[in-house]
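One structure is given here, and the rest of the page talks about it.
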There are 2 protein chains.
Amino acid sequence: MATLKYSRQRESIKNYLLHTEEHPTADTVYMHVREEFPNISLGTVYRNLNLLAETGDALKIPTPSGGDRFDGKTTPHYHFICTCCGKVMDLDMESIDHINEIAGKNFAGQIESHTTMFYGKCEDCILKS
Amino acid sequence: MATLKYSRQRESIKNYLLHTEEHPTADTVYMHVREEFPNISLGTVYRNLNLLAETGDALKIPTPSGGDRFDGKTTPHYHFICTCCGKVMDLDMESIDHINEIAGKNFAGQIESHTTMFYGKCEDCILKS
DNA sequence: CTCTCTGCAAATTATTTGCATGATA
DNA sequence: TATCATGCAAATAATTTGCAGAGAG
């Protein structure tokens, strides 16, 4: 990949991701960064989010029913997505690296444990039902 | 939901899903079902795949980088997606229902264990690298 | 007969890309 | 001043939807 040059827009996006817990969509990032850069385009947001994901400065989290989410917290941790309301949450739990031994009996691939995605119902949705 | 009526197209789609192991995309299903119903439309395929997923006759598996996959094997099992080649595979491993106890210390939601998605490199991609 | 399902085409949604101009090193 | 980044608009890709007619119950 070509050498990265500094850009104020990218810095702002990176900074926003570091200070939010909501795992925003590209569009949400766009809305926020536009407060500082009113002329920024959605294309630029996408380009930078992908760059940050490549350099490891952000995580790109695919979700069912469209719209990737982004996370500025890059230390290994697990994610949970509520299939009811779509909310993406961090799971603060111990590593499940041993999953490779469990799966390994019939599987010769290598699971990258901390990219595992969990689905279910979040607390709010359980209470509402 | 409204009462379902029989349709030969839906039956054919369901049947194809039951006899393939490849976790096809909607488009792949379309290609195959078109051999029996040359005039079937992609819209109909999508509508029926979604109906089958709702009635529990098929699983809809979201993937990173676009394109849901479908699975006619509806008994609980885990899935693995190769982040290198995109291949979707069944993982024949014991249940990890206890994940709820591990995650539960800091999490009041409910993980539906068998919908957990694992990512990593498949055997083929490991050998090639 | 009534309501569901189909084929077709147009509409949506999320994301990417080409290009001329602007910013960084 | 060479190269990367931006803004804008057009292009893709995956999926959904409106509608008029065909098929199932």
Side-chain angles (χ1 to χ4, degrees), chain A residues 1-17 22-55 57-71 81 83 86 88, chain B residues 1-17 22-55 57-71 81 83 86 88:
Chain A
M1 49 180 124
T3 323
L4 281 217
K5 280 185 182 176
Y6 172 87
S7 102
R8 288 176 302 142
Q9 287 88 335
R10 180 157 58 240
E11 206 57 26
S12 176
I13 290 169
K14 187 170 162 185
N15 190 59
Y16 171 62
L17 286 182
E22 66 170 317
H23 304 88
T25 61
D27 205 69
T28 303
V29 173
Y30 173 59
M31 299 301 199
H32 278 86
V33 176
R34 210 149 53 140
E35 287 167 18
E36 191 179 350
F37 296 93
N39 295 319
I40 197 172
S41 78
L42 195 48
T44 297
V45 171
Y46 272 105
R47 262 182 299 233
N48 280 308
L49 286 172
N50 285 331
L51 279 176
L52 292 172
E54 276 173 40
T55 59
D57 290 311
L59 298 176
K60 186 176 189 171
I61 306 165
T63 72
S65 69
D68 289 342
R69 303 300 203 89
F70 296 87
D71 189 350
I81 301 183
T83 50
V88 179
Chain B
M1 50 180 124
T3 324
L4 281 217
K5 281 185 181 174
Y6 173 86
S7 101
R8 288 176 302 142
Q9 287 88 337
R10 181 157 57 240
E11 207 56 26
S12 175
I13 290 170
K14 187 170 160 184
N15 190 59
Y16 171 62
L17 286 182
E22 65 170 318
H23 304 88
T25 61
D27 205 70
T28 303
V29 173
Y30 173 58
M31 299 301 200
H32 278 86
V33 176
R34 210 148 53 138
E35 286 166 19
E36 190 178 352
F37 297 92
N39 294 319
I40 197 172
S41 78
L42 194 47
T44 296
V45 171
Y46 271 106
R47 261 183 299 233
N48 280 309
L49 285 172
N50 285 332
L51 279 177
L52 292 172
E54 276 173 40
T55 59
D57 291 311
L59 298 176
K60 186 175 188 171
I61 305 165
T63 72
S65 68
D68 289 342
R69 304 299 204 90
F70 296 86
D71 189 351
I81 300 183
T83 50
V88 179

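Lettering follows sequence order; numbering is per chain, from 1.
At the phosphate of D/dT6, OP1 or OP2 sits under 4.0 Å from a side-chain N or O atom of A/S7. Taking only side-chain nitrogens and oxygens, B/Y46 comes nearer than 4.0 Å to OP1 or OP2 of D/dT15. When the side-chain nitrogen and oxygen atoms of B/R8 are compared with OP1 and OP2 of D/dG23, none of them lie within a distance under 4.0 Å. Residue A/T44 places at least one side-chain N or O closer than 4.0 Å to OP1 or OP2 of D/dG7. Checking the phosphate oxygens (OP1, OP2) of C/dG7, a side-chain nitrogen or oxygen of B/Q9 falls inside 4.0 Å. Of the side-chain N and O atoms in B/N48, one or more sit less than 4.0 angstrom from OP1 or OP2 of C/dT6. Applying the 4.0 Å criterion to OP1 and OP2 of D/dT16, one finds that B/N50 has a side-chain N or O inside that range. Considering only side-chain N and O atoms, B/R10 lies under 4.0 angstrom from the phosphate OP1 or OP2 of C/dC5.
Remark: B/I81 CD1 to B/T63 OG1 distance equals 5.5 Å, nearest 0.5 Å. In this structure, CG on B/D71 lies 7.5 Å from CG on B/L17, to the nearest 0.5 angstrom. In this structure, NE2 in A/H32 is found 13.5 Å from CD1 in A/I40, a value given to the nearest 0.5 Å. Taking OH of B/Y30 as the start and CD1 of B/I13 as the end, the distance is 11.5 Å to the nearest 0.5 Å.
Across all their heavy atoms, B/R69 and B/H23 have their closest contact at NH1-O, 2.5 Å. Contact record, A/V45 with A/A26: CG1-O, 3.7 Å, taken as the closest heavy-atom pair. When all heavy atoms of B/P24 and B/V29 are compared, the pair lying nearest together is CG-CG2, 3.8 Å.
Proximity of a side-chain donor or acceptor of A/N48 to a complementary backbone N or O of A/T44 within less than 3.5 Å is detected.
Put simply, CG on B/D27 is 17 Å from P on D/dT12, counting in whole angstrom units. In this structure, B/L51 places its CG atom 6 Å from P of C/dC5, rounding to the nearest Å. Taking atom CG on A/L52 and atom C1' on D/dA5, their separation rounds to 13 Å, with Å as the unit. Taking atom CZ on A/F70 and atom P on C/dA14, their separation rounds to 13 Å, with Å as the unit. Rounded to whole Å, the distance from CG on B/L42 to P on D/dT12 is 18 Å. Atom-to-atom, CZ of B/F37 to C1' of C/dC8 comes out at 18 Å; the value is rounded to the nearest Å. The distance from atom OH of B/Y6 to atom P of C/dT6 is 11 Å, rounded to the nearest whole Å. Atom CG in B/D68 sits about 17 Å away from atom P in D/dA13, given to the nearest Å.
Residue B/S41 is the one, among A/G43 and B/S41, whose nearest nucleotide of DNA chain C lies closer to the 5' end (criterion: closest heavy atom). Judged by closest nucleotide on DNA chain C, A/A26 is the one of A/A26 and A/R47 placed further toward the 5' end.
Taking the C1' atoms of five terminal pairs at each end of the helix from C/dC1-D/dG25 to C/dA25-D/dT1, the two resulting helix axes are inclined by 30°, rounded to 10°.
Donor-acceptor pairing under 3.5 Å, judged by distance alone, is absent between the side chain of B/K5 and the base of C/dT4.
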